Amino acid sequence: MPIKTSGLHHVTAIGGDPQRNADFYLRTLGLRLVKTTVNFDDPGTYHLYYGDGSGKPGSLMTFFPWKGAMPGRLGNGQATTTSLSVPETSIGWWKQHLAASGVETSQVRDADNNADSEDTLTFCDPDGLQLALVAHPQGDPRDPWDTKLVPAEHAVRGLHSVTLSVSKEDATAGMLTDGLGLGFSHQDSNRLRFAAGAGGAGALVDVLVTPDAPNGLVSAGSVHHVAWRAPDEPTQAAWRDELLDKGVGVTSILDRQYFRSIYFREPGGTLLEIATDEPGFAIDEPLLELGRALKLPPWLEPDRDQIQAMLPKLDLPGENNPELS
Ligand code: ZN
């Protein structure tokens with residue numbers, strides 16, 4: 001079965017201090033904490049999931065935040081910018097809101113350097129992760145999370161795109177098109193855009209060709225991997241067979257509790273994942289209470305006390321922080 005992903009599922013990055021990370025994504029960017037759990041491969045570290053009201057695929061940014069983590073280095077073989085989608089009329093609001101939060105931004109206007117005529121605001125999170133807020137001219141029909149700090153009319157709609165930095169483009173482009181079923185959209189100087197499915201916000205990836213850039217180093221402030229959507233488990237299993245047939249080194253199917261995952265590296269060096277849309281974040285707590293309590297998968301539940309003792313205390317949404325819900 002040829003692989004045909006419909007778009008981005010999530011982006012996972014490494015953070016520093018967990019509280020600072022949560023404050024930035026919840027208060028400054030106005031996302032919802034849709035799950036508080038641990039890194040299943042390293043349960044002494046949190047895994048925080050931010051997204052829209054229900055944590056729909058395509059809305060998700062997730063972090064492994066480690067206090068004292070070494071800073072990473074941006075470079076080739078990485079997703080160097082993660083872009084979030086906002087309404088066209090909201091760029092000005094965001095510029096002010098971010099300035100008021102002490103975040104420096106720079107604005108790329110209209111068609112200055114992209115053929116999609118997108119207005120873009122770029123900035124970094126507290127650990128130096130490169131982010132952008134992008135207004136796609138065709139808009140974005142997705143429902144946002146609404147908070148007092150970031151009202152729905154301006155709120156982030158979900159992921160817009162990622163930028164993969166590579167030293168040369170051919171093999172990465174081949175993986176995106178022949179491998180994942182994306183289509184080539186257009187090229188602006190050293191930036192090539194690809195679109196999944198019907199395209200638009202949440203289904204885009206830019207490949208930035210920077211032959212002279214150093215290789216990236218994945219640590220705090222950099223993206224660990226980029227996940228693409230598969231509708232369900234049988235489709236994911238068929239796509240895994242397809243990758244194996246193409247000679248791609250892909251992991252076995254891993255149970256991530258809220259989705260199933262396979263991982264492989266694109267030839268330019270970035271770690272990619274295919275994650276299922278199912279079962280989603282309401283599988284182990286009510287939708288209204290997402291993110292408020294530490295959730296563990298069944299196989300880690302027996303070690304809850306030990307795990308909780310290792311984790312730093314976090315001030316989460318809930319009764320103490322009504323402005324976040
Ligand atoms: Zn992932």
Side-chain angles (χ1 to χ4, degrees), residues 9-26 31 33-51 55 57 60-75 77-79 82 125-129 162 215-228 236 249-266 269-276 279-281 283-285 290-316:
H9 187 287
H10 65 267
V11 172
T12 293
I14 314 277
D17 181 60
Q19 187 67 56
R20 190 176 63 173
N21 181 268
D23 285 342
F24 183 80
Y25 287 91
L26 303 180
L31 301 180
L33 183 63
V34 294
K35 195 63 63 182
T36 302
T37 185
V38 295
N39 181 344
F40 295 174
D41 302 320
D42 173 22
T45 306
Y46 279 112
H47 193 177
L48 303 177
Y49 287 78
Y50 307 111
L60 300 163
M61 278 203 77
T62 97
F63 285 86
F64 300 126
W66 263 330
K67 197 168 185 153
M70 263 203 2
R73 182 179 62 226
L74 292 176
Q78 269 182 345
T82 303
D125 88 351
D127 293 302
L129 186 75
V162 292
N215 284 331
L217 176 71
V218 174
S219 191
S222 60
V223 170
H224 186 266
H225 64 265
V226 175
W228 296 91
Q236 182 186 53
V250 56
T251 65
S252 54
I253 297 173
L254 296 167
D255 182 359
R256 297 313 194 191
Q257 183 76 350
Y258 312 106
F259 42 84
R260 305 288 176 269
S261 299
I262 57 174
Y263 302 86
F264 54 99
R265 223 169 262 286
E266 59 85 15
T270 308
L271 186 63
L272 300 181
E273 172 184 352
I274 293 175
T276 53
F281 292 94
I283 190 182
D284 60 358
E285 60 187 335
L290 292 183
R292 294 179 177 195
L294 178 69
K295 304 307 288 185
L296 296 173
W299 63 92
L300 291 177
E301 200 55 63
D303 303 324
R304 175 174 280 270
D305 289 349
Q306 261 175 294
I307 290 171
Q308 263 178 326
M310 281 191 288
L311 292 169
K313 280 268 165 294
L314 258 188
D315 188 23
L316 295 174

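For this chain, numbers begin at 1 and follow the sequence in order. Since the structure is predicted, the reported quantities are computational estimates derived from the model, not experimental observations.
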A.B. asks: To the nearest 0.5 Å, how far apart are CZ in F40 and CG in D42?
C.D. replies: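 F40 CZ to D42 CG: 12.5 Å, rounded to 0.5 Å.
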A.B. asks: If you look only at pairs with a residue in residues 10-21, which of them pass as a salt bridge (Lys or Arg N to Asp or Glu O under 4.0 Å), with sequence neighbours excluded?
C.D. replies: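 Of all non-adjacent pairs touching residues 10-21, those that pass salt bridge (Lys or Arg N to Asp or Glu O under 4.0 Å) are D17-K67, R20-D127.
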A.B. asks: Look at the aromatic rings of F64 and H47 and report parallel, tilted or perpendicular, splitting at 30° and 60°.
C.D. replies: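 Tilted: the ring planes of F64 and H47 meet at 30° to 60°.
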A.B. asks: Can you measure from CZ (F264) to CD (E273) and round to the nearest 0.5 angstrom?
C.D. replies: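 These two atoms lie 9.5 Å from each other.
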A.B. asks: To the nearest 0.5 angstrom, please state how far the CD1 atom of I274 sits from the OH atom of Y263.
C.D. replies: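 That separation rounds to 11.5 Å.
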A.B. asks: Which atom pair, heavy atoms only, marks the closest approach of V226 to A79?
C.D. replies: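 Closest heavy-atom pair between V226 and A79: CG2-CB, 3.7 Å.
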A.B. asks: Apply side chain to side chain contact (heavy atoms under 4.5 Å, CB included) to residues F281 and T37 and explain how you reach the verdict.
C.D. replies: CA-CA 11 Å; F281 292 94; T37 185; over 6 Å; no
A.B. asks: Nearest 0.5 angstrom please: L272 CG to H225 NE2, how far?
C.D. replies: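 If I round to the nearest 0.5 Å, the distance is 9.5 Å.
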A.B. asks: In the structure I gave you, are the side-chain heavy atoms of D125 and M61 within less than 4.5 Å of one another anywhere?
C.D. replies: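 A side-chain contact under 4.5 Å is absent here.
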A.B. asks: For L300 and Q257, run side chain to side chain contact (heavy atoms under 4.5 Å, CB included): C-alpha distance rounded to whole Å, both residues' side-chain angles, the deciding distance at 0.1 Å, then the answer.
C.D. replies: CA-CA 11 Å; L300 291 177; Q257 183 76 350; over 6 Å; no
A.B. asks: Could you pull out the closest heavy-atom pair between N215 and R73, with the gap in Å?
C.D. replies: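 Taking every non-hydrogen atom into account, O-NH2, 2.9 Å.
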A.B. asks: Taking all non-hydrogen atoms of both residues into account, name the closest pair between S261 and R256 and its distance.
C.D. replies: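 So the minimum-distance heavy-atom pair works out to OG-CG, 3.2 Å.
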A.B. asks: List the residues meeting side chain to side chain contact (heavy atoms under 4.5 Å, CB included) with L316, not counting sequence neighbours, and say none if there are none.
C.D. replies: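 With neighbours one apart ignored, the set is L33, T36, L314.
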A.B. asks: Is there a donor-acceptor pair under 3.5 Å between the side chain of Y46 and the backbone N or O of P312?
C.D. replies: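 Indeed, once roles are kept as given, a pair shorter than 3.5 Å links the two residues.
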A.B. asks: Using the side chain to side chain contact (heavy atoms under 4.5 Å, CB included) rule, take Y258 and V34 through it: C-alpha gap first, then chi angles, then the decisive distance, then the call.
C.D. replies: CA-CA 11 Å; Y258 312 106; V34 294; over 6 Å; no
A.B. asks: Considering all heavy atoms of both residues, which atom of P65 and which atom of P18 are nearest to each other, and what is their separation?
C.D. replies: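 The answer is CB-CA, 3.6 Å.
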A.B. asks: Can you tell me how far the CD atom of Q308 sits from the CG atom of L294, to the nearest 0.5 Å?
C.D. replies: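 Between atom CD of Q308 and atom CG of L294 there are 5.5 Å.
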A.B. asks: Could you walk me through whether F259 and H10 pass the side chain to side chain contact (heavy atoms under 4.5 Å, CB included) check?
C.D. replies: CA-CA 11 Å; F259 42 84; H10 65 267; 3.6 Å; yes
A.B. asks: Grab the two heavy atoms, one from I14 and one from V218, that are nearest each other, plus how far apart they are.
C.D. replies: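 Looks like CG1-CG1, 4.1 Å.
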A.B. asks: Over all heavy atoms of both residues, which pair between D41 and P43 is shortest? Give the atoms and the distance, please.
C.D. replies: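 Heavy atoms only, the tightest pair is C-CD, 4.0 Å.
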A.B. asks: With distance as the sole test, does Q78 use its side chain to make a donor-acceptor pair with the main-chain N or O of G75 at under 3.5 Å?
C.D. replies: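 A pair under 3.5 Å: yes.
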A.B. asks: Counting distance only, does the side-chain N/O of K295 pair as donor-acceptor with the main-chain N or O of E285 below 3.5 Å?
C.D. replies: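 The answer is no, because no donor-acceptor pair under 3.5 Å joins these two groups.
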A.B. asks: Starting at CG of L311, measure out to OG1 of T45 and round the result to the nearest 0.5 Å.
C.D. replies: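 Answer rounded to 0.5 Å: 7.5 Å.
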A.B. asks: Hey, are the side chains of V11 and V162 touching, using non-hydrogen atoms and a 4.5 Å cut-off?
C.D. replies: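 V11 vs V162: side chains touch.
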A.B. asks: Looking at residues at least two apart in the chain, or sitting in another chain, which of them share a side chain to side chain contact (heavy atoms under 4.5 Å, CB included) with R260?
C.D. replies: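 Side chain to side chain contact (heavy atoms under 4.5 Å, CB included) list for R260, sorted by chain: E233, Q236, I253, D255, T276, P279.
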